[in-house]
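Below, each value reflects all heavy atoms present in this structure, side chains not excepted, and no hydrogens, waters or symmetry copies. When a residue number appears, it is its place in the shown sequence, counting from 1.
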Amino acid sequence: MRGAVFYVKFLDVDGRQVKERLGREADGWNRQRAERELGKRLDRVEHGRWRKPERLLFRDFAERFLEEFIPGRGLKTSTVIDYKQVVRGHLNGFFGDVELATLAAEPELIDRYIAAKTLERLAGRRSTTT
C-alpha cells in the first residue's frame with residue numbers, strides 16, 4: 001500500500017475550481033498540514049492574489065523560453081543552437097505533451113527521463129566487437 005495522498009480543493013478568485021495534489025503521507029503530509037496549506041491558498045484567494053494557472057504544455061513553455069528568454073541572454077550562437085537542439089530534439093519528445101503542473105506535481109517523471117537518457121547513452125557506448 002502506498003499510503004494516503006492529500007489534495008486541496010477550492011475556488012479561485014474567478015470562481016474556477018482548483019484541485020491540487022499536495023503530497024503523500026510518506027512524504028510527511030497529514031490532515032493537519034493539508035488543512036494549513038488549504039488555509040494559505042484560501043487567504044490568497046480572499047485577497048484577490050491567486051488565480052488558477054492556465055493549462056500550459058511543456059512544449060509551449062519550452063518554445064516561449066527559446067523565443068523570448070534566450071535571445072536576451074547574450075549567448076554565443078553555438079550555445080543557442082545547442083539549447084534548441086536539446087529542447088526540440090530531446091525534451092519535447094519526452095515531455096512535450098505533459099502539462100507543467102503535472103511535472104511540478106510528479107517530479108518522478110523527470111527521474112524517468114534522466115534514467116532513459118542514461119540507458120540510451122550507456123547502450124550507445126557498448127562495444128559490439130568480440
Side-chain angles (χ1 to χ4, degrees):
M1 181 172 213
R2 297 182 181 189
V5 177
F6 291 88
Y7 292 84
V8 290
K9 189 174 178 182
F10 58 96
L11 300 178
D12 75 357
V13 170
D14 300 322
R16 292 185 297 170
Q17 182 174 294
V18 178
K19 182 177 179 183
E20 272 185 74
R21 180 183 187 272
L22 297 174
R24 297 173 188 247
E25 196 171 37
D27 298 325
W29 285 94
N30 58 35
R31 184 178 183 91
Q32 182 180 16
R33 185 175 175 197
E35 287 174 354
R36 279 196 310 266
E37 284 300 315
L38 176 60
K40 290 176 188 177
R41 282 161 176 74
L42 291 175
D43 181 60
R44 284 184 268 161
V45 168
E46 185 177 320
H47 291 92
R49 298 180 305 214
W50 198 87
R51 285 179 171 73
K52 182 179 182 178
E54 294 298 320
R55 297 178 93 165
L56 183 60
L57 296 179
F58 178 88
R59 177 183 329 283
D60 298 330
F61 174 78
E63 280 305 311
R64 272 195 4 221
F65 171 79
L66 293 174
E67 302 302 322
E68 297 174 15
F69 181 78
I70 293 297
R73 300 293 124 205
L75 301 171
K76 294 190 303 186
T77 303
S78 61
T79 302
V80 172
I81 290 168
D82 288 344
Y83 279 8
K84 288 181 179 182
Q85 180 182 7
V86 167
V87 168
R88 293 178 179 151
H90 297 278
L91 297 175
N92 278 347
F94 202 88
F95 299 115
D97 294 328
V98 177
E99 290 184 28
L100 288 184
T102 301
L103 280 176
E106 300 176 30
E108 62 270 15
L109 292 173
I110 296 169
D111 293 336
R112 284 188 209 140
Y113 170 78
I114 292 168
K117 288 300 178 178
T118 300
L119 286 174
E120 279 180 26
R121 190 167 49 246
L122 291 175
R125 290 184 180 171
R126 290 187 186 149
S127 174
T128 57
T129 59
T130 54

Practice item. In sequence, state the C-alpha distance, the side-chain angles, and the governing distance for F6 and E37, and then conclude on side-chain contact (heavy atoms from CB on, under 4.5 Å). Key: CA-CA 10 Å; F6 291 88; E37 284 300 315; over 6 Å; no
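- For the pair I110/F95, a side-chain contact is recorded, criterion being any heavy-atom separation below 4.5 Å from C-beta on.
- With a 4.5 Å cut-off on side-chain heavy atoms, T79 and R73 do not count as touching.
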Check your understanding: I70 and L75: side-chain contact (heavy atoms from CB on, under 4.5 Å), yes or no, with the steps?
Key -> CA-CA 8 Å; I70 293 297; L75 301 171; 4.1 Å; yes
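- Note on L11: it does not cluster hydrophobically with V8, by side-chain heavy-atom contacts below 4.5 Å among ILVMFWY residues.
- Cluster membership for L100 and V87, using ILVMFWY side-chain heavy atoms within less than 4.5 angstrom, is shared.
- Atom CG of D82 and atom NZ of K76 lie 9.5 Å apart (nearest 0.5 Å).
- Atom-to-atom distance recorded for E25:CD and R33:CZ is 12.0 Å, nearest 0.5 angstrom.
- In this structure R36 satisfies the salt bridge (Lys or Arg N to Asp or Glu O under 4.0 Å) test with no other residue, sequence neighbours excluded.
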Check your understanding: After noting the C-alpha distance and the side-chain angles of E63 and R88, does the key distance pass the side-chain contact (heavy atoms from CB on, under 4.5 Å) rule?
Key -> CA-CA 9 Å; E63 280 305 311; R88 293 178 179 151; 2.9 Å; yes
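- Residues passing the salt bridge (Lys or Arg N to Asp or Glu O under 4.0 Å) test with D12 are R16, sequence neighbours excluded.
- Atom-to-atom distance recorded for L91:CG and F58:CZ is 4.5 Å, nearest 0.5 angstrom.
- A distance of 9.5 Å separates CG of L22 from OH of Y7, quoted to the nearest 0.5 Å.
- Linking Ile, Leu, Val, Met, Phe, Trp and Tyr whenever their side-chain heavy atoms come within less than 4.5 Å puts F69 and L103 in one cluster.
- Taking the six-membered ring where the residue is Trp, Y113 and F94 present perpendicular rings, their angle passing 60° and hence far from 30°.
- The structure places CG of L57 at 10.0 Å from CG of N92, a figure rounded to the nearest 0.5 Å.
- Around atom CZ of F61, no more than 12 heavy atoms belonging to other residues, nucleotides or ligands sit under 6.0 Å away.
- Within the 4.5 Å cutoff, side-chain heavy atoms of L56 are placed close to those of R64.
- The shortest distance between side-chain heavy atoms of K84 and I81 does not fall below 4.5 Å.
- Taken to the nearest 0.5 Å, the CD atom of E35 stands 11.5 Å off from the CG atom of L42.
- The closest donor-acceptor contact from the side chain of H47 to the backbone of D43 lies under 3.5 Å.
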